[in-house]
Structure formats: structure tokens, C-alpha cells
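Here is the structure we will look at, set down as C-alpha cells.
Reminder, nothing fancy here: chain letters follow the sequence lines and each chain counts from 1.
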Number of protein chains: 2
Amino acid sequence: MIECSKCQRVESIMKAGFVRGKQRYLCKDCNYFFTLPSAQVPTKRKRHQTTIIDIARELGVSNSTVSRALHGHPDISPDTKKAILEAAIQLDYQPNQLAYSLVKSRSNTVGIIVPEFLTQFFPNVIVGAQGVLSRAGYHLMIMQSDESYETEVGNTRALLANRVDGLIVSMSHETNNYEHFQAFEKRGVPVVYFNRVCREIGTYKVVVNDYQGAFRAVEHLIANGYRRIAHLAGPRNLVISQERLRGYTEALQKYGLPVLPELTIHGDLTVEKARIYGRYLLELDHPPDAIFAVNDPTAIEILLLARAKGLRVPEQLGVVGFSDDSIAMHIGNGLTTVKQPTNLMGQTAAELILKLISEDEDTYPAETQVLETELIIRGSSVRGGR
Amino acid sequence: MIECSKCQRVESIMKAGFVRGKQRYLCKDCNYFFTLPSAQVPTKRKRHQTTIIDIARELGVSNSTVSRALHGHPDISPDTKKAILEAAIQLDYQPNQLAYSLVKSRSNTVGIIVPEFLTQFFPNVIVGAQGVLSRAGYHLMIMQSDESYETEVGNTRALLANRVDGLIVSMSHETNNYEHFQAFEKRGVPVVYFNRVCREIGTYKVVVNDYQGAFRAVEHLIANGYRRIAHLAGPRNLVISQERLRGYTEALQKYGLPVLPELTIHGDLTVEKARIYGRYLLELDHPPDAIFAVNDPTAIEILLLARAKGLRVPEQLGVVGFSDDSIAMHIGNGLTTVKQPTNLMGQTAAELILKLISEDEDTYPAETQVLETELIIRGSSVRGGR
DNA sequence: TTGTAAGCGTTATCAC
DNA sequence: GTGATAACGCTTACAA
């Protein structure tokens, strides 16, 4: 049964205890201790996937020939090529992208990290990006940070480990440290930031003109006779919050309205905070007659609060949101909102990353693409007869 | 500086024009012309990623020792381990998951294919699945088929090429051929179907009790006095459509109401079709007094049609949807709907796939997990005073 | 405890 | 046109 690994004798073998759970043997003849290599204890063998070598063996050619045939390389005779392609189908060959990526040092995959998945905004961007990328033969590896800095760092680590060729990212609202993104650039992997960008880093960005969108929204409220306009703002560290706040402020200033600090409250984009701060605003001694919210979910929360308090919208309270989520059209008489070109945003980011991937120098000039917004006017902000 | 490639002398070198843009040199001593091999002319050299070998060289140990240290292998001295871990950090080492996957023949990644991204349903499922998987150290590769059979086949091919360890899938409504899924099982890659499953294949499924959800929805309409209840159904080939239709039919039968063929119309789940068929239903000579729609988007389309026609909801028309999209809560006086446990569905599918991956035999018994639905009653179906 | 070397599935650079 | 053979970065017997 058991033969000595050294002298091949069988008759002189005796058991000699265990090593790490494996039977140890002693050959009395040559005084040699050994254990059996575990390969000889055939466990459940993985099903074998057909490889390029299987095809080569099948046809008696070399694997390089097979590789060439499979890739439409010019220097190959039509006959062998035909035979190889047929064998590939017959053996149900599926190329191993992992091996390919390893040798080419590129994965044909770009990663995208978004803070959340539950509003329409990010899924729409993803769909836009995916269209462009898949047309270019790239895959998209989608990750969500769940608005958590730690998860985001984990996401970047995973994408880095998977050697994505590029990264498209919108930051979590907790993110104040950018080393994990810089790690990509340090390795020559291009990064395109969109929507939630920051000022500190990032040479390639895709954003909307938040300032102008906010400005027009507030201007529209003023034109509809609202005079005491509050702003439910986003987190201070996000550029989108800052820009929307700036639009709000400057619109008030342009029309000679006072900018009252007590009417701007910074939330965190969630409805939970919106409920608290919205209630606070509406219960002020001298409450606002309109609220410009940093996004649609919070604007909708304001509408619900108003309804609960018996405030008539738009007569007693005007409300404007930002993004044009699909709910905006349907709630009440409609929510006026600043529409963002979500799909286009994804497409633009994808095109930019493809461009950066193809130029392997990063000599490509820094670039921030600014997309335009559109004010969608609905029932929540239009007072008749003024 | 420059030494002769032949005689290694340095002092006898002189420049001698250019060859293909590269400086050409002449060694006066041995009369030899040469150019520098391009490796020495560092062009845009791919940035080198630190590997295990770099660490090994740095410390003068072997790569296997490094590998062991990095994986907390027991048989390693604390000192070398410490040194290696420090060097890894200092050299900013990032493991190459591709190489790892190649040698282990598993990617620690599971794929998920969903038909679309734009309703809340699938993103919610994905979030649920991702939570479970990432806690287990797996990544999720998300693909969307865009309700197209061809795209779906492309998705499966990509996931197969990337050697995912498992697949979670909800089919496009065009899918009638299942070879591309069977390819996974043939290779020993487990597949879990959810939501859009089919009867023909699939031993592991996660679904909700569509039949019961639909039955209760229709029962609720009957209890509210509706008698001529139509059904805006889904595509015939989907099991969810069939089951919801069965629930509708049997509820009517239970309460002795006739099942009228002209009141069941099969759509394709899109609002476009819902608009056409909805209008058709509402313009019948003898129109229905309630409509049970196969999903929320189509139910909402019905609400909008009713509003446009001046039909009062729920007095003149009752409406019930399916899924509890976030809009359902907000539209009009609320849309009554059958809530699905989306997040749980994702979790369940993920747990099942993990179980299947860990048993590398597929001895695991076939299993269909049926989750329960909940009827959420809102304004679109409750007539007061009956 | 550590090193050596084979191998995972490809592509690419040479020869022939 | 085709075949060896060396990478790619890593894990893992097995040897030392």
C-alpha cells in the first residue's frame, strides 16, 4: 500500500504518530519519516473548466496557436483557425478573464462607488455610465458606501485589489480624508469624481451647475412672491451643499432680501434630519413662507410636515427641491424641483474615464465638466394671481 | 555615463545621429554602433505595483514566507512576520486579487443580474444581498440586463469569464431560453433565482408568495364593495405574473364573482403599456370599478389616467398595486399595495448562495424559499361608509 | 521556521 | 504560420 518516499520499499513501513492531523509513517529500512502528500487523498475535485491548453491538446497544436486563433490574429491559416474555433465551441470553452487580466495588467473593468442606492439619482447615473462602458467593452463594478467612510475605504480597497482600470466615484457625506482615492492615482489608475466632489483633490470631475440651479430655484420663489425663504441645506463639507447654499444666498441678495442665518439649517440629506429641522423651521415665531431644500427627499418631508400641520402649499408655504426624483412629479400637486441630467452625468463620467484610461500618460489636462440643470415648475411653488 | 554595449568602455563613446528617434552612439574604441535598449530610456513605464516579491527582496526572505506572513499562517516567527507586515505597509502593498483568484480558482465574488435599476425594488434587493455577502468577505458584481435577453446573455458571459463563485439572478421579461444560466451549473457554479424565476429550471429560488399577496389584495377590494375588478397582468411567461393572476382569479371565485376574460390584460410591466391597456379598460362600455395591477408603476399610471378622466378614486375606481414602491405612499391619498420584503429577499438569496458555495458538492437539497407579503392599505381602495 | 518550485490560464517574444 | 518559453502575482506542497 504505502511506499517509502525515499527508498520506495513497501514492506518496511510502520505508522509513527500524527503530524497536523495527518498520519506519519516511518520507513524502518532507511529510517525516514514522512507523511503522504494530500494530493493522494483525493477530496472533492473541482470541476475542470476547459482551457486553451485543452483545446491545444485536443487538436495537437500549441497553446499559442489557439490563443491567436481565438483573437483573430492575422498570422494563422484559415484551416487551423476554423478547427480551433469549432473545438472551442464543442468543448464549451469560456475564456478566463482573470488570467487575461493578470498577464495584461488590466481588467477591462471600471469601478464605481456611490453613497447610496435608494433614491433614483445614483441608479440613473449608473445606467448612463454602464451604457457607455459596455459599448466600449468595459465592465462596471458597482459598489455602494452606504454613506459610510469606512465602507467607502473598504470599497476602494476591493476595487484596487481587483485592479480596476479606472474609478468613478461620488463620495459619502462622511468623507473628509481622501487618501484612499489618492491611492488610485498614485498607481496610475485614473479617477473621475462626480456629484459629491471635493475641492481638495480631483483633477477630473463631472458636476452640475449647482450654484445656478439653486439660484434659479430661489429666484423663482421670489418671483412668486415669497419673501422669507429658508434653506434646508446639506452637510457643510460637500461642495454641492456649499454651491447650492451660495446660489440661495446670492439670489436673495440680488433681489435685496436679507440673508437670515436662522433660516439656513445644515442637515445630512436624510429625511430623518429633514423632519426635525423642518419642524423647527415651521414652528419658528416668525416662520418662513418658503423652503428651498437641498434635495427631493427632504423637500418631500417638508411637504408632509406642512400637510400634517394644515399648512396650505403653495399658498402658505412654497417648497422647491433638487434632483427631480420620480416622486416629485406625483406628490400632491407636484414638487417644483431642479432637475439634474442623471443619465448624462453617468455617460459623461464614463466617457471621461475611458479617455483617461486610453491615454496612459496623465498628461490629459485637468477638466471639470459642468452640466446644466433645469428648473421644473410644479404646484408646490406657484401661487396664482400675483 | 553611457557604456559601450560591446566593450563596456565609457570614455570612448560619441553620439552618432538618430535612429527612429533614438539617440545612436558610436564606440570609437571598438568601432561599434548602438542605441540604448529602450528599457534604459524610461518612457511611460507602467507604474509598478508593489508585489509580494518586492517585499521578499526588500527583506531578503522568500516570497512564500511573505505570503504566509500576510495570511497569518501559524508557522512563522513573530519577528519575520512583524518585519514583513511593516514592509508591506511601508511599500504600500495591495494584494492582487486577480492572481489570488487565478491560483485558488475562486474569486470571492458573486454576480447578480437584475432586469432594471429604476424602480426601488431591485436596488433594495441588492442592498440586502450586499450586506450579507460583504460580511462574509464576498464582493458583489452587479449587472443589469435592461429587460433584454441579449444583454442578459452578455452579462452571464462576463460573469462567467470573471469566474464568479455564484450567481443571483432575476430574469429579464424577454427570457425564454435558459442555456446561459445552465452554463453556470454545468461548471459547478451555483445559481439562485429570485423574483423573476421560471418553472423550467432552477433548484434554488427565493420568491414571495405572489399568489397569496394577490389573493388578499383582491379579497380586500371585494370587501370594500368592488364587484367588477380588472387585472392588469404581467407578461405571461413570468411565474410572478401567473401566480398573481391565479391569486386574482381564485379570490374572485371564492366570493362567487365571475372571472371575465375581457377584464384581464397582459402587459409587460412598463408604464407605456399600462397607459394603453388602462385606457382601454376605463373606456369599456361596462368599465371595471377596480383594477388590481401587477406592480406599482402600472398602478400609478392607472391613478393618473383616472385623475385625467375625472374619475374619483376610490369612490368610482379602486386601485391596488404590488411592491410598495416609495411613491405608493405619497401619491394622491396613497396607493394600496402588496408590500414585498425586498431587503430580506436579497439577504435570503445571498445566504443561500453562500451556503451553496461552501458545500462544493451540490448535494444540497433543492429549495425554494417563499417569503411573505403584507397588504398595505391606503386611500386608493378604501370606500368609507360601507 | 523558511526556501524551492510547480502551477493557475493567458499573452507575447522569440525562434524556426 | 507555428511552437517553445517566459512572464503576470500568487499559493502551496514538499524539501531542507
Side-chain angles (χ1 to χ4, degrees), chain A residues 5-6 19-20 22 24 32-41 43 45-57 59-84 88 91 93-108 160-163, chain B residues 37-39 46 48-57 59-84 88 91 93-108 160-163:
Chain A
S5 317
K6 212 164 199 173
V19 183
R20 278 180 243 146
K22 284 173 69 178
R24 182 161 173 250
Y32 178 66
F33 285 96
F34 62 95
T35 56
L36 256 29
S38 41
Q40 285 179 248
V41 184
T43 55
R45 204 167 63 81
K46 269 274 169 192
R47 224 167 304 221
H48 179 70
Q49 301 256 84
T50 304
T51 73
I52 237 171
I53 298 177
D54 296 323
I55 301 179
R57 257 200 293 263
L59 266 51
V61 297
S62 78
N63 43 356
S64 17
T65 305
V66 177
S67 173
R68 281 189 279 254
L70 258 22
H71 285 72
H73 194 94
D75 285 352
I76 191 159
S77 86
D79 286 355
T80 36
K81 182 168 177 175
K82 183 155 165 284
I84 287 170
L91 295 176
Y93 169 75
Q94 288 286 348
N96 187 326
Q97 170 74 28
L98 266 35
Y100 176 91
S101 299
L102 184 60
V103 62
K104 302 280 276 189
S105 344
R106 64 200 175 82
S107 56
N108 279 311
L160 220 41
N162 279 282
R163 296 295 190 267
Chain B
S38 41
K46 268 275 171 191
H48 177 70
Q49 301 257 89
T50 304
T51 74
I52 234 171
I53 298 179
D54 297 323
I55 300 179
R57 258 201 292 265
L59 267 51
V61 297
S62 77
N63 45 354
S64 34
T65 305
V66 177
S67 173
R68 282 187 279 252
L70 259 21
H71 286 72
H73 195 93
D75 285 350
I76 191 160
S77 87
D79 287 354
T80 38
K81 181 167 178 177
K82 183 155 165 283
I84 287 170
L91 295 176
Y93 170 75
Q94 290 286 347
N96 187 326
Q97 170 73 26
L98 267 35
Y100 176 90
S101 299
L102 185 60
V103 60
K104 303 280 276 188
S105 341
R106 63 199 175 82
S107 56
N108 280 309
L160 220 41
N162 279 283
R163 297 293 190 269

For dT1(C) and S77(B) - does any side-chain N or O of the residue sit under 4.0 Å from the phosphate oxygens OP1/OP2?
no
Please give me the minimum heavy-atom distance between K81(B) and G72(B), naming the atom from each residue.
NZ-CA, 3.8 Å
H71(A) NE2 - dA12(C) C1' separation (whole Å)
12 Å
Closest to the Y100(A) side chain, choosing from dC8(D), dT11(C), dC10(D):
dT11(C)
With a cut-off of less than 4.0 Å, is there a side-chain N or O of T65(A) near OP1 or OP2 of dT2(D)?
no
Closest to the 5' end of DNA chain D, once N63(A) and T80(A) are matched to their nearest nucleotides, is T80(A)
Of the listed dC10(D), dG9(D), dT11(D), the closest approach to the L102(A) side chain comes from dG9(D)
What's the CG-P distance between D75(A) and dT11(C), to the nearest Å?
16 Å
Separation of K82(B) atom NZ from dT1(C) atom C1', in whole Å?
18 Å
Rounded to the nearest Å, what distance is computed from the CG atom of residue L98(B) to the C1' atom of nucleotide dT11(C)?
14 Å
Mapping A99(B) and G60(B) onto DNA chain C by nearest heavy atom, which one lands closer to the 5' end?
G60(B)
Can you tell me the distance, in whole Å, between the CD atom of Q94(A) and the C1' atom of dT10(C)?
15 Å
Side chains of N108(A) and Q97(A): closer than 4.5 Å at any heavy-atom pair?
yes
Return no unless some side-chain N or O of K104(A) is found under 4.0 Å from OP1 or OP2 of dA7(D).
no
What does S67(B) touch in the nucleic acid at a heavy-atom separation under 4.0 angstrom: a base, only the sugar-phosphate, or nothing?
base
If you define the side chain from C-beta out and look only at heavy atoms, does anything of L59(B) sit under 4.5 Å from V66(B)?
no
Between dT2(C), dA7(D), dT4(C), which one does the side chain of V103(A) approach most closely?
dA7(D)
Does R68(B) or N96(B) map to a spot on DNA chain D nearer the 5' end, using the closest nucleotide for each?
N96(B)
When you compare the side chain of D75(B) with that of R68(B), does any pair of heavy atoms fall below 4.5 Å?
no
Side-chain heavy-atom pair T51(A), N96(A) within 4.5 angstrom cut-off:
no
What is the separation between atom CD on Q97(A) and atom C1' on dC8(C), rounded to the nearest whole Å?
15 Å
If you look at every strand shown and take non-hydrogen atoms under 4.0 Å, does S64(B) touch a base, only sugar-phosphate, or nothing?
base
I76(B) CD1 to dT1(C) P: how many Å, rounded?
9 Å
For atom CZ of R163(B) and atom P of dC8(C), their distance in whole Å
13 Å
